[in-house]
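I have placed the structure first, in the form of structure tokens, so that the comments after it can refer back to it.
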Amino acid sequence: MNAFDNAMTQLNTAAVLMNLDPSIHNILSHPERVLEVAIPVKMDDGSTKVFTGYRSQYNDVLGPYKGGIRYHPNVSKDEVKALSFWMMIKCATVNIPMGGGKGGVIVDPKELSAGETERLSRGYVQKLWRNLGSDKDVPAPDVYTTPQIMGWMRNEYEKLVGYADPGVITGKSLEDGGSEGRSFSTAQGGVYCTIELAKKLALEPKETTVAIQGFGNAGSHMASILSGLGYKIVAVSDSKGAIVNMEGLAIDVLSQHKQETGSVISFEGTETISNEEILELDVDILIPAALEHVITKENVGRIQAKSIVELANGPTTPEADKILHEKGIVVVPDVLANAGGVTVSYFEWDQNVKGEHWTEKVVLEKLEKIMVDAFNTVWANKEEYAVDMRTAAFVSAIERVAEKM
Ligand code: GLU
């Protein structure tokens, strides 16, 4: 099954439970528009390469399409469609006035120079600008895309339309109209969810062990904020492998090590394990923070974690979800756990549209309120309907979208 099939299985589960109107179910089973473009890029050696890019605009009844752009070799049309569907559910789960969208380019960004990355990013906008805009579709960063890339894209868009529209894209640098707190907001939102989860499960931070798969923007910030709160981060990983020390890792020293060597592996005092093994550690909280499809029917039987906080999008397949629920492992789903990113993106858009700049304190207070309210609403629904948290989140999100339709 591909990511979009998985997303549709999740939709169907919620639709049956909530007795969703078949017409609305049918409409929500398709993205409204999927654009595929060929982006020619002049490479540094003088040759021209053509990259395939996508933008999936799933649904905009709650507000402009919203969602990141991913640069990764495994990007596909199905993946982008699934991710845009999850963005629709995510925005509705945290109740922000944004719809669902997602973009991607099939590329290994590690093989591009800065100049090539800039030309690719501008090329993406040259092909898609007619479909973008602060009141139409608002992209943002995702896997391997950065504030710098958002800046190039904003600049290219404004050159093409001929007027300033800072809210056309979020996740920009602070100098370029970005919001305070956006750089770590995905993790911060996940932290607010983890704190609420710890209360529900009566976990004491200092005795709570955490394993984090993925040490990119979301995973590394999650590790440092949680460790600052006293949680014991015992294992982390990146694309090169995973490290573990059940006594806990000094995250600030580890971040330094990652910066110097390019990887978390071979960090002093740790044992190296694989990216599969990190998922199977006996910890209180497992945090997948990389890509989709890592907890599947193949490895779910070996998962020992007591709970899972999904910082990545789509890390758990529907078959695995069912088994985790039967085993009593609580999963805080992606559409809630990682919604801090898009929530602060919405704040950034709101500030841009109004010409305001809020302090970090204001941003974090607003974010905390939204995340804590959303967590507790989803938790209450899970209890009331005796379902897992994902289904509970889907039901209330789809209710919001359906009502508006
Ligand atoms: N890429 C992030 C996500 O998957 C953020 C999207 C946004 O800020 O629009 O939620």
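All residue numbers refer to positions in the sequence shown, counting from 1. Just so it is clear, the values below take in all heavy atoms, side chains as well, and ignore hydrogens, waters and symmetry mates. Keep in mind it's a predicted model, so treat the numbers as computed, not measured.
For Pro147 against Ser173, the heavy-atom pair with the smallest separation is CB-N, 3.7 Å. Across all non-hydrogen atoms, the minimal contact from Val138 to Pro64 is CG2-CB, 4.2 Å. Shortest non-hydrogen contact noted between Ser255 and Phe215 is OG-CZ, 4.2 Å. Nearest heavy atom pair, residue His221 against residue Ala187, reads CB-CB, 3.5 Å.
Heavy atoms of other residues, nucleotides or ligands lying less than 6.0 angstrom from CD of Glu326 number more than 12. Around atom NZ of Lys159, more than 12 heavy atoms belonging to other residues, nucleotides or ligands sit under 6.0 Å away. For NZ of Lys327, the number of neighbouring non-hydrogen atoms (other residues, nucleotides, ligands) closer than 6.0 Å is greater than 12. Summarising the local packing, NZ of Lys382 is surrounded by more than 12 heavy atoms from other residues, nucleotides or ligands at distances under 6.0 Å. At most 12 non-hydrogen atoms from other residues, nucleotides or ligands lie less than 6.0 angstrom from NZ of Lys42.
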Working note: Glu36 + Lys81, criterion salt bridge (Lys or Arg N to Asp or Glu O under 4.0 Å); need CA distance, chi angles, decisive distance, verdict. CA-CA 11 Å; Glu36 176 176 332; Lys81 279 163 62 181; over 6 Å; no
Applying salt bridge (Lys or Arg N to Asp or Glu O under 4.0 Å) to Lys200 and Glu196, what does each step give before you reach the verdict? CA-CA 6 Å; Lys200 302 285 184 205; Glu196 293 308 296; 5.7 Å; no
For the pair Lys306 and Ile329, evaluate side chain to side chain contact (heavy atoms under 4.5 Å, CB included) and give the outcome as yes or no after the intermediate values. CA-CA 5 Å; Lys306 292 177 191 61; Ile329 298 175; over 6 Å; no
Could you give me the CA-CA distance, side-chain angles and deciding distance for Thr9 and Asn12, then say whether side-chain hydrogen bond (donor to acceptor under 3.5 Å, both in side chains) is met? CA-CA 5 Å; Thr9 304; Asn12 298 346; 5.5 Å; no
Could you go step by step and tell me if Glu365 and Lys361 meet the salt bridge (Lys or Arg N to Asp or Glu O under 4.0 Å) rule? CA-CA 6 Å; Glu365 275 167 12; Lys361 187 166 172 282; 3.2 Å; yes
Taking it one step at a time, do Asn352 and Lys172 satisfy side chain to side chain contact (heavy atoms under 4.5 Å, CB included)? CA-CA 11 Å; Asn352 291 157; Lys172 303 177 294 292; 2.7 Å; yes
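Side chains of Asp44 and Ser113: a donor-acceptor N/O pair is present below 3.5 angstrom, by distance only. Remark: the Asn275 side chain and the Ser237 side chain contain an N/O donor-acceptor pair separated by less than 3.5 Å. A donor-acceptor contact closer than 3.5 angstrom is absent between the side chains of Glu280 and Gln304. Residues Thr170 and Arg182 have side chains that never bring a donor and an acceptor to within less than 3.5 angstrom of each other.
Residues passing the side-chain hydrogen bond (donor to acceptor under 3.5 Å, both in side chains) test with Thr145: none are found, sequence neighbours excluded.
Using modelled atom types, one side-chain atom of Asp334 and one backbone atom of Gly314 make a donor-acceptor pair closer than 3.5 Å. Not one N or O on the side chain of Thr270 forms a donor-acceptor pair closer than 3.5 Å with the backbone of Ser266. Under a 3.5 Å cut-off, the side chain of His25 and the backbone N or O of Asp21 do not form any donor-acceptor pair. With Gln57 contributing its side chain and Asn131 its backbone, the two residues share a donor-acceptor pair below 3.5 Å. Side-chain atoms of Ser47 never come within 3.5 Å of backbone atoms of Met43 as a donor-acceptor pair (strictly under, hydrogens ignored).
Applying the salt bridge (Lys or Arg N to Asp or Glu O under 4.0 Å) test to every pair with at least one member in residues 92-115, sequence neighbours left out, gives these pairs: Lys102-Asp142.
With contacts defined as side-chain heavy-atom distances shorter than 4.5 Å, the pair Leu197/Ser307 qualifies. Counting heavy atoms from C-beta outward, Leu128 and Leu35 have side chains that approach closer than 4.5 Å. Side-chain contact between Val395 and Glu399: present, with at least one pair of heavy atoms (C-beta onward) separated by less than 4.5 Å. Residues Tyr124 and Arg55 meet the side-chain proximity criterion, which asks for heavy atoms closer than 4.5 Å. Taking 4.5 Å as the limit, every side-chain heavy atom of Asn2 sits out of range of all side-chain heavy atoms of Glu79. Put simply, the side chain of Ile149 does not reach to within 4.5 Å of the side chain of Pro141, judged on heavy atoms. The shortest distance between side-chain heavy atoms of Trp152 and Arg119 does not fall below 4.5 Å. Taking the side chain as every heavy atom from C-beta outward, Thr52 and Val37 never approach each other to under 4.5 Å.
Ion pair Asp321/Arg390 flagged as a salt bridge, since at least one NZ, NE, NH1 or NH2 atom sits closer than 4.0 Å to an Asp/Glu carboxylate oxygen. Under a 4.0 Å N-O distance rule, the pair Glu118/Arg122 qualifies as a salt bridge. Between Arg400 and Glu403 there is no salt bridge, since no side-chain nitrogen of the basic residue lies less than 4.0 Å from a carboxylate oxygen of the acidic one. Using a cut-off of 4.0 Å between Lys/Arg side-chain N and Asp/Glu carboxylate O, Glu32 and Lys136 are scored as not salt-bridged.
One distance of note links SG of Cys193 with CE of Met371; it measures 3.5 Å at 0.5 Å rounding. The distance from atom OG1 of Thr316 to atom CD1 of Ile308, rounded to the nearest 0.5 Å, is 5.5 Å.
Partner Val283 forms a side-chain contact (heavy atoms from CB on, under 4.5 Å) with one of Val244, Thr209, Ile212, Val210 and no other, that one being Thr209.
Note: Tyr144 and His72 have parallel aromatic rings, judged against thresholds of 30 and 60 degrees for the angle between ring planes.
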